[in-house]
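Note sheet for the following structure.
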Amino acid sequence: MTKTFAQKFEPARRKFLKQSAAIGGGLTVGFNMSGAFAQKADGASEINAWVVIRPDDAVIIRYARSEMGQGSMTSAPMLVAEELECDWRRVKIEYASANENVKRKRAWGDMAAVGSRTIRNSQEYLRKAGATAREMLIAAAAQQWGVPASECSASNSFVTHGPSKRKVNFGKVANAAAKLEPPKDVKLKDPKDWKLIGKSVKRVDIPDTVMGRQRYGIDVQLPGMLYAAIAQCPVFGGKIKSVDASKVEGRRGIVKVLPLDSFVAVVADNWWRAKEALRDVNIEWDLGASGNVSSASLMEFYRGGLDTQTDFATARQDGDVDQAFASAAKKIEAEYYTPYLAHACMEPMGCTAVIKDGKVDIWTSTQNAEASLAVAAATAGVPLESVEVHRVQLGGGFGRRGGAQDFVRQGVTIAKAMEGTPVKMLWTREEDTQHDFYRPASLIRMKAGLDDSGNPVAWYSRVAATSIFETLVHLPLKKPFAPADGVDPQSVASLNDLPHAIPNVRIEYAQRNTHVPVGFWRTVGHSQNPFVRESFMDELASAAGKDPYEYRRALLAKSPKDLAILDATAKAAGWGQPLPEGVFRGIAETEGYGSYTSAVAELSVDKNGEVTIRRLVLGIDPGYAVNPDNIQAQMQGSAVFMLTAMFWGEITLKDGRVEQSNFHDYRMMRMREMPKVEVALVPSGGFWGGIGEPGQASIAPAVCNAIFAATGKRVRSLPLKNHGFTLA
């Protein structure tokens, strides 16, 4: 049997997707610094895949990941520029091509902007790219002068010969440098010699964003372009049973109605007409077996995971937990719940695509250009090399535009039906809210045994939640990727790596996969489990009659990084100093994505349950801080995202479908509700941690612990609106 294009290239696509979508773990990639010498039309010379230098001394640094407001389009090139020894004022940033990444055997490596790993996972090879280019420029200048390269050095886009003091700018030797063989090994700078890393640098994307010049996926305009609106089955996993489009056939501007298995698309000469016509298309859905699922039935399913005696896996086992509980002076037990959450990106999902002459061009806001390219190729049935992903900024990502590439698949499917014509497919806000890949809901049973002094001698957690890696990425939950066979690492994050000095610990995981699609949501497991861990830790401190800060300090005595950030944050917040009447504090600490974080919340609660957060102090130790000003902005953004989620965020289901539909019932924080946020940035050096996600981790428990201090009411489930609390 003759294989189709899709069948031929499916193995490559599958391998490519697994590489680019393995969000929970790093990739080992070999980087070829040489590449073929390339002279550009403007005389620019490519020194290596990352560095291009023009005759006028402009330095182009390529950026392989995505920019969605996290600022790494500035921070990542700073790593290259630091070692290159170029004049930062002459630097221009451009996106690396995913198509070229295929053709050049992944010269730029991992292109996914996910998991707060843009800096921490690429810092070494980015710095080596800059150092390699620097040494090639020095070698070219030395050859020109006929002197040893060891007598030359680079600084501020010039190469200088030490003995003679001769200088030459990068632009004049770039052409010769590009033709040289790259050095096999280069020495990276000692951190004490950094000139750029650690300095606050203005973000390169801000001017265009502020002035309205920034182009997002939703802004794409192409000659002869058509527009598509889609309707998907309201119950996940359902399919089309029948479609009657007779009411819209022949209507002005309507080009075609496309029934496409799990969704229906209306293609028109503008998007509003397509969207309005879609209302008049009569679609009968086959809802499948999940049409009766509700939030209540899902909760019963999760609870079954807590109670099962067989269907679970042990993620961590220290000491003899059963014996420790049997001899404990006091036992504390609680259940915590965190709900499904939508991403609610300001820019809804969309994709513009055109298929012509065996080539596929797509424009889409993606966190992972490699994955977008692979899905487009598989959907169109063409080789990977035949797809071009045109890079644009993202109007929000938060994990939604990373592992799940459903919007690309839909856009290319529509373009395939309209071959030769570019089509922009855009979701409504309702589609975006009701067809997300949600942060999983999680039900967790917590137990602790205390000795006569109130110190914990036993700690037990069982998590019942859907596995993202099993259902979305289709990665087997096996060691070493998983902490133990059958354990999703995100589901037990912050619990499995509990750093406190507790001799007997057992962490269990009961996988409870449902029909609700789940995915990576900013901070993922660290957005929910620190709420559980640090709230429960407060319960233990309260039961022991001890100050919650001092209680944690004693337990973290053998975890110096955790203890240091806890102390630094408490000091910045003035923990222990008197507060105004009616104002109370809460504290939390956790680690995640390679960084250590802590939070202190100061708040008051009135008789109506209105919470006034007077001050939020967030501490972080990321090891090395590349761009401090951007780190502060990311921490402040984390506060917006987490406070919004913890006060109002909740996706509920009825009759198999999501009940929320837009911002009227899936609320966002208003500007007037934003509290004062202070950031204690205390980089200790020696490691590279993430920034975009760990800033959220400690916020929810710190706020909820402060609410307990203010009201005596312990919050064990989110959102806070369900407990009568709202932001003032």
Side-chain angles (χ1 to χ4, degrees), residues 453-456 494 498-502 526 530-592 595-605 611-622 631-632 635-636 638-639 642-643 646 674-684 694-715 727:
S453 299
N455 300 314
S494 192
L498 183 76
H500 303 75
I502 303 173
H526 283 91
F531 159 66
V532 177
R533 183 185 101 181
E534 292 297 294
S535 295
F536 192 60
M537 193 67 70
D538 243 52
E539 293 201 48
L540 305 190
S542 180
K546 297 181 180 180
D547 177 86
Y549 164 52
E550 296 297 342
Y551 193 75
R552 286 173 172 80
R553 288 200 84 251
L555 293 173
L556 293 173
K558 295 183 179 179
S559 299
K561 295 292 185 185
D562 293 274
L563 179 59
I565 193 60
L566 178 72
D567 284 343
T569 310
K571 181 179 179 181
W575 189 276
Q577 296 177 8
L579 287 166
E581 185 177 352
V583 179
F584 299 86
R585 289 191 184 104
I587 194 167
E589 185 278 334
T590 192
E591 59 298 315
S595 291
Y596 299 84
T597 72
S598 183
V600 172
E602 291 181 5
L603 56 78
S604 58
V605 184
V611 179
T612 300
I613 301 178
R614 301 176 182 272
R615 187 180 179 212
L616 192 59
V617 181
L618 305 180
I620 186 166
D621 175 8
I631 292 174
Q632 179 165 314
M635 297 294 283
Q636 292 167 338
S638 292
M642 179 49 72
L643 290 173
M646 67 178 294
M674 181 64 186
K676 179 182 179 182
V677 177
E678 301 172 27
V679 178
L681 175 58
V682 285
S684 60
Q696 289 192 145
S698 296
I699 295 173
V703 171
C704 289
N705 291 338
I707 288 174
F708 171 76
T711 66
K713 183 176 181 179
R714 183 66 68 183
V715 175
L727 272 178

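Since this is a predicted model, take the numbers as computed values, not measurements.
Taking every heavy atom of both residues into account, Ala680 and Ala572 meet most closely at CB-CB, 4.1 Å. Closest of all the heavy-atom pairs between Ala706 and Gly586 is CB-N, 3.4 Å. Pairing each heavy atom of Ala541 with each of Pro548, the nearest pair is CB-CA, 3.9 Å. Smallest separation of non-hydrogen atoms from Pro694 and Ser595: CG-CB, 4.1 Å. For the pair Pro701 and Ala588, the tightest heavy-atom approach, listed with the atom from each and the gap, is CG-CB, 3.6 Å. Contact between Ser684 and Asp621 at its shortest, heavy atoms only, is OG-OD2, 2.7 Å.
Taking a 6.0 Å sphere around NZ of Lys571, one finds it holds 12 or fewer heavy atoms contributed by other residues, nucleotides or ligands. Within 6.0 Å of the NZ atom in Lys713, the count of heavy atoms belonging to other residues, nucleotides or ligands exceeds 12.
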For this session: In sequence, state the C-alpha distance, the side-chain angles, and the governing distance for Gln696 and Met646, and then conclude on side-chain contact (heavy atoms from CB on, under 4.5 Å).
Result: CA-CA 11 Å; Gln696 289 192 145; Met646 67 178 294; over 6 Å; no
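Using a 4.0 Å cut-off between a side-chain N of Lys or Arg and a carboxylate O of Asp or Glu, Asp538 and Arg552 qualify as a salt bridge.
For the atom pair Ser598 OG and Ile587 CD1, the distance stands at 5.0 Å (nearest 0.5 Å). Of the inter-residue distances, the one linking Thr569 atom OG1 with Tyr596 atom OH reads 14.0 Å to the nearest 0.5 angstrom. Rounding to the nearest 0.5 Å places OG of Ser698 at 10.0 Å from CE of Met642. In this structure, the separation between NZ on Lys546 and CG on Leu540 is 11.0 Å, given to the nearest 0.5 Å. Atom-to-atom distance recorded for Ile631:CD1 and Leu681:CG is 5.0 Å, nearest 0.5 angstrom. Atom-to-atom distance recorded for Ile613:CD1 and Lys676:NZ is 14.0 Å, nearest 0.5 angstrom.
Using a 4.5 Å cut-off on side-chain heavy atoms (C-beta onward), Arg585 and Val600 make contact. The shortest distance between side-chain heavy atoms of Pro499 and Leu556 falls below 4.5 Å. Looking only at side-chain heavy atoms (C-beta outward), Glu591 and Lys561 stay at 4.5 Å or farther from each other. At a threshold of 4.5 Å between non-hydrogen side-chain atoms, the residues Phe531 and Ile699 do not count as touching. Proximity of Thr597 to Ile565: side-chain heavy atoms (C-beta onward) are nowhere separated by under 4.5 Å. Side-chain contact between Ile707 and Leu603 is present, with at least one heavy-atom pair separated by less than 4.5 Å. Taking the side chain as every heavy atom from C-beta outward, Pro456 and Leu555 approach each other to under 4.5 Å.
Judged by distance alone, with hydrogens and angles left aside, the side-chain atoms of Arg615 form a donor-acceptor pair with the main-chain N or O of Ala573 at under 3.5 Å. Checking side-chain atoms of Arg533 against main-chain N and O of Ser494 turns up a donor-acceptor pair under 3.5 Å. Checked by atom type and distance alone, the side chain of Thr590 never pairs as donor or acceptor with a backbone atom of Pro530 at under 3.5 Å. Judged purely by atom type and a 3.5 angstrom limit, Glu534 uses its side chain to pair as donor or acceptor with the backbone of Glu589.
At a cut-off of 3.5 Å, with distance as the only test, no side-chain donor of Tyr551 or Asn455 sits close to an acceptor on the other residue.
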